[in-house]
Protein chains: 2
Amino acid sequence: MAAREQLKHAPCPVARALDAVGDAWSLLIVRDAYDGKRRFGEFLDSLGIARNILSGRLRKLVEAGILEEAAASDGSAYGEYRLTRKGMDLFPVVVGLRQWGEKHLYGRQERHSLLIDEASGKPIPRMRPAAADGRPLTPANTRVRKLPDGRA
Amino acid sequence: MAAREQLKHAPCPVARALDAVGDAWSLLIVRDAYDGKRRFGEFLDSLGIARNILSGRLRKLVEAGILEEAAASDGSAYGEYRLTRKGMDLFPVVVGLRQWGEKHLYGRQERHSLLIDEASGKPIPRMRPAAADGRPLTPANTRVRKLPDGRA
DNA sequence: GTTTCGTGGTTGCATTGTAAAACCAGTTTC
DNA sequence: GAAACTGGTTTTACAATGCAACCACGAAAC
């Protein structure tokens with residue numbers, strides 16, 4: 001993508017974020033990492049992705065500081081990929097995608113997996129942007145304040 | 001993407017969501033729509049995307065029910081693209097991406113645009129997944145309950 | 001009312017990214 | 001030490017992207 005070059009240095013954080021994780025596989029890898037997966041083979045089996053593509057994505061995520069390589073925790077000589085703090089911080093994005101998908105992408109009959117709060121054993125409540133006083137924030141009552149010089 | 005076929009009918013809502021909006025351009029279009037942009041030319045100028053790609057993405061977003069075509073609100077005979085409820089509901093995802101980008105993708109020196117709460121005129125607070133009692137939820141204290149038959 | 005321009009696309013072609021399968025080196029198992 | 005497993009890379013085919021040119025239609029100029 002030629003426009004990617006612009007994206008990477010955009011004044012809009014949404015654009016930069018999408019440059020980093022704006023392809024389908026990256027966030028699915030991160031999702032699997034939340035689920036405890038760490039090894040190349042685990043991601044491979046779970047995602048059904050081609051090996052070379054997975055290889056490239058993992059390298060990109062490591063370069064981006066979202067994952068880090070480490071010695072395998074099972075004592076073998078192999079490596080594994082672990083989430084960094086930066087990767088952990090993507091949790092709200094994945095939760096947002098999940099909740100949107102749950103609401104809009106399943107038929108009445110269809111079932112889907114659920115994200116469970118381990119403390120209560122119940123599905124987690126809907127996450128919504130809110131002001132400090134609790135008022136819900138929407139596109140209608142927010143606006144983007146652009147940089148004086150720049151674009152969106 | 002061959003795996004896209006699997007994604008579209010995956011039991012994981014994250015996978016389905018990424019099948020729908022898991023490319024960089026779609027969410028940037030939605031972001032611009034939140035910012036009030038509606039016309040083909042507005043998206044074109046704002047994004048720096050190729051015309052044919054924009055055309056295809058807009059069609060895909062309309063088919064997905066995220067945007068809808070309508071007569072232009074300025075009285076001309078041209079059309080415009082408006083967000084549906086489904087599109088509005090992507091707001092938490094875009095906010096999540098924005099806040100992650102703000103935190104991790106800018107140097108100390110660098111400035112970025114801000115999302116402002118119009119009521120207070122101040123930047124909106126960080127959005128985080130939380131239990132009903134307010135406890136913060138993270139990958140560490142949640143887990144995915146998979147379908148009995150299916151995968152992640 | 002017919003040139004002229006702006007809008008909203010489509011088409012064709014070159015470049016790039018993705019997918020699948022084969023291959024391969026190092027590791028573990030037996 | 002042979003066989004199988006892990007974690008890749010390479011090769012080749014195909015699909016998506018990007019760019020530029022083109023075109024139909026509505027609007028504006030005259």
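To find a chain, count down the sequence lines: A is the first, B the second, and so on, and within it residues start at 1. Only a predicted model underlies this, so the values are computations on that prediction, with no experimental measurement involved.
Per the geometry, CZ belonging to A:Arg57 stands 14 Å off P belonging to D:dT9, to the nearest Å. Protein atom CZ of A:Arg38 is 14 Å distant from nucleotide atom P of D:dG7, rounded to whole Å. To the nearest angstrom, P of C:dT7 lies 10 Å from CD of B:Glu42. Between A:Asp23 atom CG and C:dG17 atom P there is a gap of 12 Å when expressed in whole angstrom units. When rounded to the nearest whole Å, the span between CG of A:Leu54 and P of D:dT6 equals 14 Å. As rounded to whole Å, 13 Å separates atom P of D:dG18 from atom CG of B:Leu44. When rounded to the nearest whole Å, the span between CG of B:Asp45 and P of C:dG6 equals 13 Å. To the nearest angstrom, P of C:dA20 lies 9 Å from CD1 of A:Ile53.
The side chain to side chain donor-acceptor pair (under 3.5 Å) search around B:Glu63 returns none, not counting sequence neighbours. Partners of B:Tyr78 by ring pair (Phe, Tyr, Trp, His ring centres under 6.0 Å), not counting sequence neighbours: none found. For A:Arg126, the side chain to side chain donor-acceptor pair (under 3.5 Å) criterion is met by no residue, not counting sequence neighbours. With sequence neighbours excluded, the residues that form a ring pair (Phe, Tyr, Trp, His ring centres under 6.0 Å) with B:Tyr34 are B:Phe91. Looking at residues two or more places apart in sequence or on another chain, you find no side chain to side chain donor-acceptor pair (under 3.5 Å) involving A:Ser55. Listed by chain and number, the residues in a side chain to side chain donor-acceptor pair (under 3.5 Å) with A:His104 are B:Asp89 (sequence neighbours excluded).
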What protein N or O atoms touch nucleotides 9-12 of chain C N or O atoms at under 3.5 angstrom, if any, and at what distances?
{"from": "C:dG9", "atom 1": "OP2", "to": "B:Tyr81", "atom 2": "OH", "distance (Å)": "2.9"}
{"from": "C:dG9", "atom 1": "N7", "to": "B:Arg51", "atom 2": "NE", "distance (Å)": "2.8"}
{"from": "C:dG9", "atom 1": "N7", "to": "B:Arg51", "atom 2": "NH2", "distance (Å)": "3.0"}
{"from": "C:dG9", "atom 1": "O6", "to": "B:Arg51", "atom 2": "NE", "distance (Å)": "3.1"}
{"from": "C:dT10", "atom 1": "OP1", "to": "B:Arg59", "atom 2": "NH1", "distance (Å)": "3.3"}
{"from": "C:dT10", "atom 1": "OP2", "to": "B:Ser55", "atom 2": "OG", "distance (Å)": "2.4"}
{"from": "C:dG12", "atom 1": "O6", "to": "B:Asn52", "atom 2": "ND2", "distance (Å)": "3.4"}

Please write out each protein N/O paired with an N/O of nucleotides 25-29 of chain C under 3.5 Å, distance rounded to 0.1 Å.
{"from": "C:dG26", "atom 1": "N2", "to": "A:Tyr78", "atom 2": "OH", "distance (Å)": "3.3"}
{"from": "C:dT27", "atom 1": "O4'", "to": "A:Tyr78", "atom 2": "OH", "distance (Å)": "3.2"}
{"from": "C:dT28", "atom 1": "OP1", "to": "A:Ala77", "atom 2": "N", "distance (Å)": "2.4"}

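Contacts classified as salt bridge (Lys or Arg N to Asp or Glu O under 4.0 Å) and involving residues 131-142 of chain B (residues at least two apart or in different chains) are given here: A:Asp117-B:Arg135, B:Asp133-B:Arg135. For residues 46-59 of chain B, the salt bridge (Lys or Arg N to Asp or Glu O under 4.0 Å) pairs, not counting sequence neighbours, are B:Asp23-B:Arg57.
Looking at B:Ser46 and B:Arg31, their side chains come closer than 4.5 Å, going by heavy atoms from C-beta outward. At least one side-chain heavy atom of A:Pro129 sits under 4.5 Å from a side-chain heavy atom of B:Pro92.
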With a 3.5 Å cut-off and sequence neighbours excluded, list the donor-acceptor pairs that the side chains of residues 67-75 of chain A form with protein atoms.
{"from": "A:Ser73", "atom 1": "OG", "to": "A:Glu80", "atom 2": "OE1", "distance (Å)": "3.2"}
{"from": "A:Asp74", "atom 1": "OD1", "to": "A:Ser76", "atom 2": "N", "distance (Å)": "3.0"}
{"from": "A:Asp74", "atom 1": "OD1", "to": "A:Ser76", "atom 2": "OG", "distance (Å)": "3.0"}
{"from": "A:Asp74", "atom 1": "OD2", "to": "A:Arg39", "atom 2": "NH1", "distance (Å)": "3.1"}

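Here A:Trp25 does not reach the OP1 or OP2 of C:dG17: none of its side-chain N or O atoms lies under 4.0 Å away.
Five base pairs at each end of the helix from C:dG1-D:dC30 to C:dC30-D:dG1 define two local axes, and these are offset by 20° (rounded to 10°).
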